[in-house]
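Below, each value reflects all heavy atoms present in this structure, side chains not excepted, and no hydrogens, waters or symmetry copies. Per chain, numbering begins at 1; letters A, B, ... match sequence-line order.
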There are 2 protein chains.
Amino acid sequence: MDKQEGTATLLRNSGVTIAGNEELKGDRKLQEIFNNANTIANEICPVGDVIARISDKWSILSIYALGAYGKLRFSELIHKIDGISHRMLTVTLRNLEGDGFIKRTVHAEVPPRVDYELTELGHSLMQQLSGIIGWAEANGAEILAFRNKKG
Amino acid sequence: MDKQEGTATLLRNSGVTIAGNEELKGDRKLQEIFNNANTIANEICPVGDVIARISDKWSILSIYALGAYGKLRFSELIHKIDGISHRMLTVTLRNLEGDGFIKRTVHAEVPPRVDYELTELGHSLMQQLSGIIGWAEANGAEILAFRNKKG
DNA sequence: CCGGATCCGATAAGATACTG
DNA sequence: CAGTATCTTATCGGATCCGG
């Protein structure tokens with residue numbers, strides 16, 4: 001279930017070069033980043049792993065909900081995020097907490113009360129997600145139209 | 001399973017108010033977008049659906065590869081994207097093509113040659129992904145450190 | 001009210017072999 | 001080379017019961 005990689009030795013990728021591709025479009029910077037994010041970095045700095053973790057529907061919506069509302073309890077989250085199940089919210093929140101995106105605060109009271117909120121890291125991720133969701137909102141209609149057109 | 005949009009009447013969310021949340025942080029705009037992206041929009045403009053589609057590891061890497069290199073054949077893609085299987089690349093490309101993100105060009109020659117490249121829509125998505133991947137690259141180390149620290 | 005644990009069906013995804 | 005079909009395995013996700 002969990003992938004443990006210990007040693008890391010991060011950011012040792014100075015001499016990044018790309019295979020054989022002379023017919024470029026001049027986006028060498030993008031290509032470096034891609035290579036870095038893909039082949040090489042998967043071992044030393046698992047960008048692919050990070051992407052896989054945050055590119056989950058429930059994670060995105062959870063982060064986004066917390067970003068929009070600031071601080072929510074479990075029951076509030078499950079109400080905000082349409083369609084999420086009890087279990088998936090639990091799993092998602094635990095993952096996000098484990099990666100340092102959200103902070104979980106337990107108030108030892110009766111009835112129990114647990115608050116979730118974004119960490120700094122979570123907020124920085126929120127910035128990116130904001131862009132994606134905004135884009136999806138702006139282009140969703142076009143995508144749908146395209147899908148239907150070619151049935 | 002399939003949600004048909006039909007009437008649409010998008011962006012009719014002027015009077016969007018949230019349940020019981022007076023302790024806001026002033027991000028009413030974000031909350032509107034969230035609501036729109038989540039509950040409401042899932043029926044008329046499936047932002048959640050779009051998110052689910054593009055928030056796939058292989059989709060992201062495929063788009064990104066095509067964005068970075070401009071135009072690639074099947075075999076080039078499978079070589080660029082580390083770890084993707086023959087089958088998953090096929091499936092991913094089909095989906096992306098079906099949503100209008102990439103264009104597939106078949107050259108009727110021997111040996112067969114098929115090129116893939118981003119559409120305009122694909123390029124606009126690429127902008128967003130660029131932000132995400134850049135973020136993942138910048139913060140990957142921190143995330144890893146956090147994961148290991150609390151192992 | 002929060003959430004952990006378990007069972008189990010549905011789906012995704014890798015490996016492999018085959019077609020044009 | 002590009003793509004399909006099938007088989008098998010791994011993971012996801014819902015339902016439910018339980019405990020703090």
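- Look at CG on B:L93: it is 16 Å from P on D:dC1, rounded to the nearest Å.
- Distances from the side chain of B:T90 to the nucleotides C:dG3, D:dT4, C:dC1 place D:dT4 closest.
- Two residues are said to be in side-chain contact when any heavy atoms from C-beta on lie closer than 4.5 Å; A:F101 and A:I54 meet this criterion.
- For A:L89 and D:dG13, the CG to C1' distance is 13 Å, given to the nearest whole Å.
- Considering only residues two or more places apart in sequence or on other chains, A:F74 meets the ring pair (Phe, Tyr, Trp, His ring centres under 6.0 Å) condition with A:H86.
- Contact annotation: A:Y116 side-chain N/O to C:dG3 OP1/OP2 distance is under 4.0 Å.
- When the side-chain contact (heavy atoms from CB on, under 4.5 Å) test is applied to B:V106, the partners found at least two apart in sequence or on another chain are B:R104, B:V114.
- Residues forming a ring pair (Phe, Tyr, Trp, His ring centres under 6.0 Å) with A:H107 (at least two apart in sequence, or on another chain): none.
- Residue A:E109 contributes atom CD, which lies 14 Å from atom P of C:dC1 at whole-angstrom precision.
- Evaluation of the salt bridge (Lys or Arg N to Asp or Glu O under 4.0 Å) rule for A:R87 yields no partner, not counting sequence neighbours.
- Judged as a salt bridge (Lys or Arg N to Asp or Glu O under 4.0 Å), and not counting sequence neighbours, the contacts of A:R53 are A:D99.
- A straight line from CZ of A:R94 to P of D:dG13 spans 17 Å, rounded to a whole angstrom.
- The NZ atom of B:K57 sits 17 Å away from the P atom of D:dA10 (whole-angstrom rounding).
- Applying the side-chain contact (heavy atoms from CB on, under 4.5 Å) criterion to B:Q127, with sequence neighbours excluded, gives no partner residue.
- For A:R104 and C:dC2, the CZ to P distance is 11 Å, given to the nearest whole Å.
- Here the C1' atom of nucleotide D:dA2 and the CG atom of B:L72 are 15 Å apart, to the nearest Å.
- When the side chains of ILVMFWY residues are joined at heavy-atom separations under 4.5 Å, either directly or via intervening members, B:Y64 and B:I78 end up in a single hydrophobic cluster.
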Below 3.5 Å is the cut-off: list the nitrogen or oxygen pairs between protein and nucleotides 14-20 of chain C, distance only.
residue: C:dG14; atom: OP2; partner: B:S85; partner atom: OG; Å: 3.2

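- Comparing B:F74 and A:D56 against DNA chain D, the residue whose closest nucleotide sits nearer the 5' end is B:F74.
- Comparing the start and finish of the helix from C:dC1-D:dG20 to C:dG20-D:dC1, five pairs each, the helix axis swings through 40°, to the nearest 10 degrees.
- We find that NE2 of A:H107 is positioned 22 Å from P of D:dG20, with the value rounded to whole Å.
- Every residue two or more places apart in sequence or in another chain that forms a side-chain hydrogen bond (donor to acceptor under 3.5 Å, both in side chains) with A:S124 is listed here: B:W135.
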